Amino acid sequence: MFHIYCPHCCEHREEEEFHVKGQAHIARPVDPEALSDEEWGNYLYFRKNPRGLHHELWVHNAGCRKFFNVTRDTVTYEIKEVYKVGEQPSVVSPADKV
Amino acid sequence: MSETNSAVAIMNQVPGSDADVRGESPLHHVGLADITDQSNGDAGVVFSEAGLLGHLTLRCEPSSPLIAVAQTILGIALPLTPLTSVEQGDLVVRWIAPDEWLISLPNDQVFDLETRFRAEMNGHHSLVNGSGGMTVYKLRGRHVVDMLKKSTPVDLHDSEFPVGKVVSTVFAKSGAVIRRTGESEFELVVRRSFADYIWLWIQDASQEYGLAVAS
Amino acid sequence: MSQKNRLQSGGRINRDQPMSFVYNGKNLQGFEGDTLASALLANGIDVVGRSFKYSRPRGIMAAGAEEPNAIMQLGSTEATQVPNVRATQQELFDGLVSGAVNGWPSVDTDLMSYVGKVGGKIMPPGFYYKTFMFPQNMWETYEKFIRKAAGLGRTSYETDPDLYDKVNQHCDVLVVGAGPAGLAAALTAARSGARVILADEQSEFGGSLLSSKETLDGAPADAWVSSTVDELGANKDVVLLPRSTVNGYHDHNFLTIHERCTDHIADKAPTGKARQRLHRVRAKWVVLATGAHERPLVFGNNDVPGCMVANAVSTYINRYGVVPGNELVLMTTNDGGYQAAFDWHEAGRKVIAIVDTRQSPKGACVAKAMDLGINVITGSAVIDVAGAKRVTGVSVAPISADGDMVTGSVTKLGADTVASSGGWSPVIHLAGHCGSRPVWNEEILGFLAGPTVEKRLTAGAANGEYTTAGAIAQGIEAAKTAIDALGKSAVDVVVPATEAIAQYPAMTLFHVPHVKRTALAPKQFVDYQNDVTAAGIELSCREGFESIEHVKRYTAMGFGTDQGKLGNINGMAITAKALGKTIPETGTTMFRPNYTPVTFGAIVGRDRGELFDPERFTAMHSWHVANGAKFEDVGQWKRPWYFPKAGETMQQSLDRECLATRESVGILDASTLGKIDIQGKDAREFLGRVYTNAWAKLAVGRCRYGLMCGEDGMVFDDGVTACLGDNHFIMTTTTGGAARVYEWLELYHQTEWPELEVYFNTVTDHWATMTISGPNSRKLIAELTDYDVSAENFGYMDWREMTVAGVPARVFRISFTGEMSFEINVQANFGLHVWEKLFEAGEKYNLTPYGTETMHILRAEKGFIIAGQDTDGSVHPYDLGMGWAVSQQKPFSFIGKRGMAREDCVRENRKQLVGLKTTDPNVVLPEGAQGVFDPKAPIPMPMVGHVTSSYWSANLGHSIAMGLVKGGLDRMGEKVYYPLADGRVIEAEICSPVFLDPAGERQNV
């Protein structure tokens, strides 16, 4: 049972107030018709499954109903940070750094 | 009336007093009035339903100039700090989300308020009447916190949940908007369809403290 | 007095308060303050159970949660039966009824023991896997017999009469264990102003101090305990939880505590009181002060009743005033074990010998033993035990300094009790629940809690600190660390003065050698509950199991109710030795929740019966109940399914409801449909992006049906959306899809298109919705409104605001039955009023209430789909023959457009929704039946799609069905066959799904 800080309510709440919506930062292609089936399939279905830091989209569905992002360590389950939709993570794994 | 505002439909949903229409709160079928007579003076939890109130959901960006307009109409400052509420007379305004407030007031004042909002709020916002879909449970008593601890995972300790704080959260397997209205007084806003379940739950969770029903 | 092992004085029991109890049908006496175990020992009960595999008689080994043998069935009535209660943890109460859980027909004469006696050779590890696997179809037969013979208790089929409670707790510091370290930690944290929870599994706080003869600041230890507990009890921010086991340590410092509120009073809790309570605790910091368990040594026949861990002997004497025998032999690897012999001696019974495995131990303990005249045999071990249902003697032999072999001749001694101490194992189970691996500590010869990301600290014996003063100091230190981290200032607590006794170094020994090699030696038990022996572990290693996790599963070591509390470290040490590795190299198995068994009642709490799951009601629910509706669960909603009249079968009710609606007028409570209010200047644009069809031109006052797809192009919801104002719409969703659709809209708005000015609000509960449907529906509504409801003024797919039965309403001319329909929406507070007025006016039209089943039939007659029934996530609009509801011309690439253009979505021969007309009109196809084109094809036949909806249509006088069929839309008139499990093959013709009024003349009026 995670204890998650909601960046909109500005306090920690129990996991049962939230839903996880999978990997964060997957933008809908601007022109879907320009994509091949393979590219579309990648957008639609292919997700990371990292051992370590993962950026996830969550929604505070029993609270303010706002979506936000969580950086979580998939090994220790530590939540390293939460940040609002549209913002970028500050905790990233070396492999993801450009 | 501006063009924007006419694009939204509002309706006085409350029958006129001449129509002889009986309104029924979500707990009407329980017959709380009959239970009240059996109330036990020693009860640790005292319950009442404040049904048939008007409830409006206001949506607006907190940075919008419309916030000031809304405050003028309401005659009360909108709570902009998360998880806070304001109360003045019959009017309660609860923070629900950064761009959402739940306003409660007598049901027969709802249409006037909607009318004023439509006339004066020029810009992006919404005001939605949800009066039929909610009811208010009032809970007090020396064991009210103990009972609520069985029902919701939020921390209700005085230091974390002072009077005036409001949270939308899980209540048993349903949800509620919980507000502390006094040292040992809380109010729950619950959805109509879950009202019976939550009432059953409160009875069960109050069992060891004794439950009384107040009118 | 029959309590032959009870001392005349001493202990924390109340001899003025005798208590009667029943064990295996025998009436016995104990005292207030006893556990069931101490009372059984007081009465000289030796055998309390039979072992799992060999059915060997077993006695009480320990005094706490680690007890593997004394597992009891409790309950004086059938309804209050509780299995698998450790007698060492069950407080005695007057009238307690107990029995051993295993042993068949009884523990004293157990048939299965002959299996055991015939020889361990026939039951090696993996015995059940190896023996009972073949033939495979016999396994169920074997299993029943094995379970009956070896089972661990039983539960009742009757309803549990008790209440169980669950409560959410929050604190700054949760202290687990109220021994010296835990009390000190709680005191320090409380004095520093923290919110503290202190939980301990025992009836009293104090832990080891309750059975200790130590002094603190010159006073008996329990004086310090009482003053500390008193101070904590007076602090309003401290929650004290005795009889409460912290059973699970979950992520982010979420812990569960199982409190047994009334199990010490009676079987059944007093009326209105909870029997047990599960605390769900979110703690900012956790201090584990969970103590340590003494390890017994592994030696021949070490399971004969009378064999105990040394510390348990002291606990029974000092805390309960019970000496569990007459003649003691103590075997120890360390000074700590001596205390049992001293306590035994002081109780006035005979210590035959202290067998110290160390070659030449020196120091205070040895000297004291000599002074007391006790025979101390050094450099030796008890290698075997004689006796069956009770120890009668021991074999002692000298052993090598490394403990690997017997070095001399065997001496036999008479004794009825063998206590052993192999050192202590810190109780670190909770520390491992979140995945942290224990770390071996050579200094204490035990595992300590490993590193963690949780805000968790350990103190006292749980941290390998076995002195009282040291434990208290660590408790204070741990609390200070937590307090500092919480940003509070820690208040000093002074460590009380204790007497320090110098200790002579302990010997590393787990497995006592025998003159024969392990495989041939008498059974040397490691895990008592699962009958795992040293020989069994060695065999597993020889058979190739090299990981400790595999050895555990192959031998069953560490399974069962005790989860290896006594045996695991010994087992790991023996495994390590067999593999030629060190203990840290071998590692440990994972500890998992729960630490001790938790009743289902406590887990369930009040989520049972009518509170099991919320039941959602509409505003008209009480009318439905009063009018005899049968209900169907749709999500959490209770929806009327049908309204039977007296004597009617379900089919007769449905036929009546269907005919009445098509011939006159029926009424449906449609309040459960999801309703979402959508406002904003971009509302129309948003609708165009989430629905497949066009919304740009929908006029105010008009309604439109829409299909909603996922990005994959598959239909996931549908419904009608009405234009209330230019920037204002109300969307309806399916009943079950309401929450999902609402979240879906918010997801796209918040994450993809935040620039669109639109707000969504759910108003499902706000409106009571009732649909009157049928040729007389207009006449009916006209009687209740002044509004002109004529077709000219209020046509199909229009909505209007009007007053119905005195109540302001929005009425929608939409139809799910294919009949002329009026969907009346009023604020739910006035819903029942309007509903009843409709019935008053509707009597002359035979207004007939109908439920979801008739709704399903009527819509199927019209070929209208139900998302989730006729679709299953693999069906796009074109598969449904609903291409008319897809606008490829919209400028924005709406959700689903790209998905449904994928190669696989546009190929030939996809499964498509069609109507199915059975050749025999009286046969109703079963929903879910799989179709084939050639019923004579060899099995497995190629399947071409399943029946999604199927009913008897009273209106048409024949059955109707819809189903998915490969290439179905191009196969009109062709046959498809449905072979059923009962051997029948139903033949059907592929047809249009619209069975009634294809031109829509009935609804569009």
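What you see is a predicted model; the values in this text were computed from it and never measured. Computed over heavy atoms, backbone and side chain alike; hydrogens, waters and symmetry mates excluded. The chains referred to below are lettered A, B, ... by the order of the sequence lines, with proteins before strands, and numbering in each begins at 1.
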Fill in: C/Tyr759 and B/His124 aromatic ring geometry - parallel, tilted or perpendicular at 30°/60° bounds
parallel

Worksheet entry | chain C interface, residue from B/Glu100, B/Glu208, B/Glu160, B/Lys173 that has the most non-hydrogen pairs under 4.5 Å | B/Lys173

Worksheet entry | Exam field: side chain C/Asn168 to backbone B/Thr152, donor-acceptor pair closer than 3.5 Å | yes

Item to complete: Could you tell me whether the side chain of C/Asn761 and the main chain of B/Val128 form a donor-acceptor pair under 3.5 Å?
Response: no

Item to complete: Check for a donor-acceptor pair, side chain of C/His170 on one end and backbone N or O of B/Pro153 on the other, with a separation under 3.5 Å.
Response: yes

Worksheet entry | Rounded distance [0.5 Å steps], NZ in B/Lys150 versus NE2 in C/His279 | 8.5 Å

Discussion item. With a 4.5 angstrom heavy-atom cut-off, is it the side chain or the backbone of B/Asp18 that approaches chain C, or both, or neither?
Written reply: neither

Item to complete: Starting at CG of B/Asp196, measure out to NZ of C/Lys638 and round the result to the nearest 0.5 Å.
Response: 12.0 Å

Discussion item. Between C/Val167, C/Leu832, C/Asn829, who has the most heavy-atom pairs with chain B when the cutoff is under 4.5 Å?
Written reply: C/Asn829

Worksheet item: Hey, which of C/Ala619, C/Pro614, C/Ser622 has the most heavy atom pairs under 4.5 Å with chain B?
Response: C/Pro614

Worksheet item: Which of these, C/Thr803, C/Val834, C/Val807, sits in a side chain to side chain contact (heavy atoms under 4.5 Å, CB included) with B/Pro15?
Response: C/Val807

Worksheet item: Quick one: of C/His728, C/Arg616, C/Lys837, who has the most non-hydrogen atom pairs under 4.5 Å with chain B?
Response: C/Arg616

Worksheet, complete the sentence: In terms of heavy-atom pairs under 4.5 Å with chain B, the winner among C/Thr762, C/Asp237, C/Thr764, C/Val826 is C/Asp237

Item to complete: Identify which part of B/Ala205 has an atom lying under 4.5 Å from any heavy atom of chain C, answering side chain, backbone, both or neither.
Response: both

